[in-house]
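Down below is the structure, laid out as structure tokens.
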Amino acid sequence: MPRLFTGLEIPSDIGFALSLKRGGLNGARWIEPENYHITLRFIGDVDNQTANEVVDNLDHLSDSLSFPIRLTHLGTFGGDKPRALYVGVEPSEALTRLQAAHERMLQRAGLPPDGRKFVPHVSLARLRGTSAEDVARFIAEAGRFEPLSFSVPRFALFSSRESVGGGPYVVEETYPLAA
């Protein structure tokens, strides 16, 4: 059964710039730049019939308009027990609309609602045994985060293999957005 999710690809030049943040944080398992992405909707392990239905239904969302993305800051998930270091995405009405459309379409396809709040981000590292103080120091020493922007020409259906630390992810299908 494939494990699927929808998301936005990160251009290679932006991925390279983000990769320069790697290193110097104990307990971090750094994600490879080619696996950077912004998840729109985690789908999970599904049978082939459901996967085919998802592929077909995603075609109906490609009439959404292309839009810009701006990456603005470093952050963490997990509070006092940080589990991930990420780069945050500036709030965007177009991104929120696209993600909501994915959510509605996947529920119509019979998938349960995603119970998590949508927090658009690019994961840089999975953290294990890293203290909140170490992460705060790492972010402070990284200095000012210079925002990075790019245009989103399409979204993708990704598959992943069960692994430790994120990836490898495979783009199974892409869906162009209208210019």
Does Ile14 form a side chain to side chain contact (heavy atoms under 4.5 Å, CB included) with Phe16? I'd like the steps, not just the answer. CA-CA 5 Å; Ile14 301 292; Phe16 175 76; over 6 Å; no
Verdict with supporting geometry, Val87 and Leu74, side chain to side chain contact (heavy atoms under 4.5 Å, CB included): CA-CA 5 Å; Val87 174; Leu74 291 174; 3.8 Å; yes
Verdict with reasoning, Leu177 to Phe67, per side chain to side chain contact (heavy atoms under 4.5 Å, CB included): CA-CA 9 Å; Leu177 298 174; Phe67 58 92; 4.1 Å; yes
As a quick check of understanding, evaluate side chain to side chain contact (heavy atoms under 4.5 Å, CB included) for Phe118 and Thr39, giving each step before the final call. CA-CA 9 Å; Phe118 179 56; Thr39 299; over 6 Å; no
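Using a 4.5 Å heavy-atom cutoff, the side chains of Glu173 and Leu58 are not in contact. At a threshold of 4.5 Å between non-hydrogen side-chain atoms, the residues Ile69 and Ile10 do not count as touching. You'll find the side chain of Glu90 stays beyond 4.5 Å of the side chain of Ser92, heavy atoms only. Side-chain atoms of Leu40 and Leu95, non-hydrogen and from C-beta on, do get closer than 4.5 Å to each other.
Atom-to-atom distance recorded for Leu124:CG and Leu18:CG is 6.0 Å, nearest 0.5 angstrom. Taken to the nearest 0.5 Å, the OG atom of Ser64 stands 12.0 Å off from the CD atom of Gln99.
Here the closest non-hydrogen pair linking Ala28 and Ala125 is CB-CB, 4.0 Å. The nearest pair of heavy atoms linking Pro176 to Arg154 is CA-CB, 3.7 Å. Minimum heavy-atom separation, Ala156 to Val171: CB-CG1, 4.0 Å. Minimum heavy-atom separation, Val152 to Ser66: O-OG, 2.6 Å. Nearest approach of Pro113 to Gln107, heavy atoms of both residues: CB-NE2, 3.5 Å. Gly15 approaches Pro33 most closely through the heavy-atom pair O-CB, 4.1 Å.
Between Arg137 and Glu133 there is no salt bridge, since no side-chain N of the basic residue sits under 4.0 Å from a carboxylate O of the acidic one. Between Arg22 and Glu32 there is a salt bridge, with a side-chain nitrogen of the basic residue lying less than 4.0 Å from a carboxylate oxygen of the acidic one.
Using cut-offs of 30° and 60° for the angle between ring planes, the Tyr175 and Phe155 rings count as parallel. Between His73 and Tyr86, the angle of the ring planes goes over 60°, which puts this pair in the perpendicular group of the 30/60° scheme. Ring geometry for Phe158 versus Phe5: interplanar angle under 30°, hence parallel rather than tilted (30 to 60°).
Each of Ile139, Ile31, Thr130 was checked for a side chain to side chain contact (heavy atoms under 4.5 Å, CB included) with Leu85, and the lone residue meeting it is Ile139. Applying the side chain to side chain contact (heavy atoms under 4.5 Å, CB included) test between Leu157 and each of Val170, Thr174, Ile43 identifies Ile43 as the sole match. Looking at Thr50, Val46, Leu111 one by one, the single match for side chain to side chain contact (heavy atoms under 4.5 Å, CB included) with Leu106 turns out to be Leu111.
The neighbour count for Asn26 CG, taken as heavy atoms of other residues, nucleotides or ligands under 6.0 Å away, does not exceed 12. Around atom CG of Asp13, more than 12 heavy atoms belonging to other residues, nucleotides or ligands sit under 6.0 Å away.
A donor and an acceptor atom, one from each side chain of Glu53 and Gln49, are nowhere located under 3.5 Å apart. In summary, the side chains of Ser159 and Glu172 do present a donor paired with an acceptor at a separation below 3.5 Å, with no hydrogens or angles considered.
Linking Ile, Leu, Val, Met, Phe, Trp and Tyr whenever their side-chain heavy atoms come within less than 4.5 Å leaves Phe42 and Phe77 in two separate clusters.
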